[in-house]
J.: 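Sending over a structure as structure tokens; questions will come in a sec.
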Amino acid sequence: MTAELWIATWLGLAAAAEDWAHRTVSNWIPVVALGAGLACQAARRGLRGLAAGALGAALGFAAFYLCHLLWGRGGGDVKLMAGFGALLGPGRIWEGLFWISVAGGIWAAAVMVAGSRSGNRNRRAPEAIPYAPAIAIGTWLALVGER
């Protein structure tokens, strides 16, 4: 298991648990992910790796900031994606975004089904669902695919 995968696993679990319980992601999680991602990239490829980690963070931030502006995705999700983008780097960020979208879609469908089974006839998803679990799962899947 790579260092990036370990970091994404543990920080993803922390972010998912906190987002699930409190609907927020503490700033320390994306900051640690960003620092660890930059360090891992730099350890592998030196300054080019550091630049790749920074580009991955910028791409992850930009993708989720756009979602934040258009659809109200939370600010914690934007920061978390920047941190995990550094772990993924520019080569894996697109795969990560794909898997995050798949996981988020499955998650939203599950919430809608659970709501309909609980007697709620309104089959719309709630205004907001905790999205850190989808970010963690999608990042993890992209990193597993790297092996």
Side-chain angles (χ1 to χ4, degrees), residues 1-45 48-117 123-147:
M1 192 178 252
T2 65
E4 290 91 343
L5 194 52
W6 273 104
I7 294 162
T9 299
W10 289 109
L11 291 178
L13 286 171
E18 186 173 25
D19 201 13
W20 180 273
H22 305 289
R23 301 288 175 115
T24 187
V25 176
S26 293
N27 285 334
W28 73 267
I29 297 171
V31 168
V32 170
L34 178 65
L38 293 174
C40 287
Q41 299 288 350
R44 282 217 176 129
R45 298 189 332 247
R48 286 182 185 220
L50 186 62
L55 181 57
L59 291 170
F61 178 87
F64 267 59
Y65 189 68
L66 182 61
C67 294
H68 172 72
L69 292 176
L70 295 175
W71 300 294
R73 179 74 22 229
D77 296 334
V78 176
K79 293 180 280 187
L80 184 62
M81 196 59 227
F84 281 175
L87 286 168
L88 290 167
R92 288 280 175 194
I93 191 72
W94 306 114
E95 184 179 354
L97 291 170
F98 168 78
W99 287 117
I100 290 164
S101 298
V102 170
I106 292 169
W107 178 238
V111 168
M112 287 180 6
V113 168
S116 69
R117 289 190 180 188
R123 292 184 184 256
R124 289 185 26 213
E127 289 299 315
I129 60 172
Y131 208 72
I135 295 171
I137 290 167
T139 300
W140 190 83
L141 287 170
L143 288 170
V144 167
E146 182 178 23
R147 302 182 87 212

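Only a predicted model underlies this, so the values are computations on that prediction, with no experimental measurement involved.
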J.: Regarding E18 and S26, do their side chains bring together a donor and an acceptor under 3.5 Å, going by distance alone?
T.: yes
J.: Cut-off 3.5 Å, no hydrogens considered: what does the side-chain donor-acceptor table look like for residues 53-68, sequence neighbours left out?
T.:
{"from": "H68", "atom 1": "ND1", "to": "R73", "atom 2": "O", "distance (Å)": "2.5"}

J.: Out of curiosity, L88 CG to T139 OG1, how far, rounded to the nearest 0.5 Å?
T.: 5.0 Å
J.: How close do I137 and A103 get, heavy atom to heavy atom, and via which atoms?
T.: CG2-CB, 4.1 Å
J.: Working to the nearest 0.5 Å, report the span between OG1 of T9 and CH2 of W140.
T.: 6.5 Å
J.: Could you report the tightest heavy-atom contact between A132 and A15, atom names first, then the distance?
T.: CB-O, 3.6 Å
J.: Set out, in order, the CA-CA distance, both residues' side-chain angles and the distance that settles side-chain contact (heavy atoms from CB on, under 4.5 Å) for N27 and K79, then state yes or no.
T.: CA-CA 8 Å; N27 285 334; K79 293 180 280 187; 2.5 Å; yes
J.: For A3 and C40, which heavy atoms make the closest approach, and how far apart are they?
T.: CB-SG, 3.9 Å
J.: Kindly compute the distance separating CD1 (I29) from CG (L13), expressed to the nearest 0.5 Å.
T.: 10.0 Å
J.: Using atom types as modelled and distance alone, determine if a side-chain donor or acceptor of Q41 lies under 3.5 Å from a backbone N or O of A86.
T.: yes
J.: Does E4 come within less than 4.0 Å of R92, counting only side-chain N to carboxylate O?
T.: no
J.: Please report the C-alpha distance between M112 and I129 in whole Å, then the side-chain angles of each, then the deciding distance to 0.1 Å, and finally whether the side-chain contact (heavy atoms from CB on, under 4.5 Å) criterion is met.
T.: CA-CA 10 Å; M112 287 180 6; I129 60 172; over 6 Å; no
J.: Rounded to the nearest 0.5 Å, what separates atom CD1 in I100 from atom CD1 in I135?
T.: 6.0 Å
J.: Show the numbers, then the answer: is there a side-chain contact (heavy atoms from CB on, under 4.5 Å) between V144 and W99?
T.: CA-CA 11 Å; V144 167; W99 287 117; over 6 Å; no
J.: Given side chains that start at C-beta, do those of L80 and F84 come closer than 4.5 Å, heavy atoms only?
T.: yes
J.: Restricting to non-hydrogen atoms, name the atom on A52 and the atom on P90 that form the minimum distance, rounded to 0.1 Å.
T.: O-CD, 2.9 Å
J.: Taking all heavy atoms of L87 and all of A33, pick out the closest pair and write down the distance.
T.: CG-O, 4.1 Å
J.: Pair L141, E95 - check side-chain contact (heavy atoms from CB on, under 4.5 Å), show working.
T.: CA-CA 9 Å; L141 287 170; E95 184 179 354; over 6 Å; no
J.: With side chains defined as the heavy atoms from C-beta onward, is the minimum distance between D19 and T24 less than 4.5 Å?
T.: no
J.: List the atom of P130, the atom of W107, and the distance in Å for their closest heavy-atom pair.
T.: O-NE1, 2.9 Å
